[in-house]
Participant: 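Handing you this structure, nothing more for now.
Numbering of residues begins at 1 and proceeds along the displayed sequence.
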Amino acid sequence: MPKRSTSSIKITGRWNEDDARTVLDAQERSGLAISEFSAREGLDAQRLTRWQRRLSGNADGRPTFIEIGADVSATIEVVLGAGLVLRVRESIAPRVLRDLVRALGEGSC
């Protein structure tokens with residue numbers, strides 16, 4: 001494979017993690033988008049994008065979601081026949097709630 005120059009950084013053949021970090025750091029310092037930086041340096045933009053995802057822990061490229069501020073202490077009160085009251089966390093799986101209500105309903109008959 002031919003040598004490629006990235007801001008005076010010489011990289012040949014397959015990249016390792018250090019090579020990728022070096023190139024991505026140079027790209028970030030340049031202030032250019034990956035596509036612009038790649039064109040300027042004669043690199044494959046897809047290669048940089050793949051390494052960027054891989055190094056960020058998001059190798060598959062799918063969005064990552066972080067739940068913020070979930071109130072796991074919230075409760076739901078279900079009033080059943082025969083004076084039974086079932087209190088569960090709001091985060092209970094619907095299937096589990098259904099099974100509990102069914103089991104309690106059968107036991108009170």
Side-chain angles (χ1 to χ4, degrees):
M1 240 186 187
K3 291 184 179 182
R4 294 188 172 123
S5 172
T6 55
S7 305
S8 74
I9 300 168
K10 305 287 184 199
I11 298 180
T12 59
R14 292 182 62 96
W15 291 6
N16 62 34
E17 202 169 296
D18 290 336
D19 294 333
R21 287 186 195 283
T22 299
V23 174
L24 287 167
D25 287 345
Q27 179 268 324
E28 191 173 319
R29 283 192 311 274
S30 75
L32 298 172
I34 286 180
S35 58
E36 296 168 327
F37 181 81
S38 298
R40 184 184 81 182
E41 299 297 329
L43 299 170
D44 179 9
Q46 288 182 338
R47 183 183 226 181
L48 266 73
T49 301
R50 281 191 306 270
W51 271 104
Q52 185 180 51
R53 287 180 185 148
R54 181 175 174 185
L55 295 175
S56 72
N58 188 15
D60 63 5
R62 294 181 183 170
T64 54
F65 297 94
I66 300 171
E67 188 172 344
I68 300 173
D71 184 4
V72 294
S73 64
T75 57
I76 297 173
E77 189 173 285
V78 180
V79 179
L80 304 168
L84 291 174
V85 177
L86 175 63
R87 290 184 188 92
V88 295
R89 293 195 185 268
E90 187 176 46
S91 59
I92 190 169
R95 181 187 55 73
V96 174
L97 179 57
R98 184 188 66 238
D99 292 346
L100 281 171
V101 169
R102 185 175 295 140
L104 290 171
E106 290 171 0
S108 65
C109 295

Participant: How long is the span from the CD atom in Gln46 to the CZ atom in Arg50, to the nearest 0.5 Å?
Facilitator: 6.0 Å

Participant: If I compare all heavy atoms of Trp51 with all of Trp15, which pair ends up nearest, and what's the gap?
Facilitator: CZ2-O, 3.4 Å

Participant: When you compare the side chain of Ser38 with that of Arg47, does any pair of heavy atoms fall below 4.5 Å?
Facilitator: no

Participant: Is a side-chain N or O of Asp19 found less than 3.5 angstrom from the main chain of Asn16, in a donor-acceptor match?
Facilitator: yes

Participant: Quick one: OG1 on Thr75 to CZ on Arg89, what's the gap to the nearest 0.5 Å?
Facilitator: 8.5 Å

Participant: According to a hydrophobic-cluster definition based on side-chain heavy atoms being under 4.5 Å apart (Ile, Leu, Val, Met, Phe, Trp, Tyr only), do Val96 and Val88 belong together?
Facilitator: yes

Participant: Under 4.0 Å between a Lys/Arg side-chain N and an Asp/Glu carboxylate O for Glu17 and Arg21?
Facilitator: yes

Participant: Which heavy atom in Leu24 sits nearest to a heavy atom in Leu48, and how many Å separate them?
Facilitator: CD2-O, 3.8 Å

Participant: For the atom pair CD (Glu41) and CD (Gln27), what is the distance rounded to the nearest 0.5 Å?
Facilitator: 10.5 Å

Participant: Which heavy atom of Ser35 sits nearest to which heavy atom of Ala45, and what is that distance?
Facilitator: CA-CB, 4.3 Å

Participant: Any non-hydrogen side-chain atom of Leu32 less than 4.5 Å from a side-chain atom of Arg40?
Facilitator: yes

Participant: To the closest 0.5 Å, what do you measure between CG (Leu100) and CD1 (Ile92)?
Facilitator: 5.0 Å

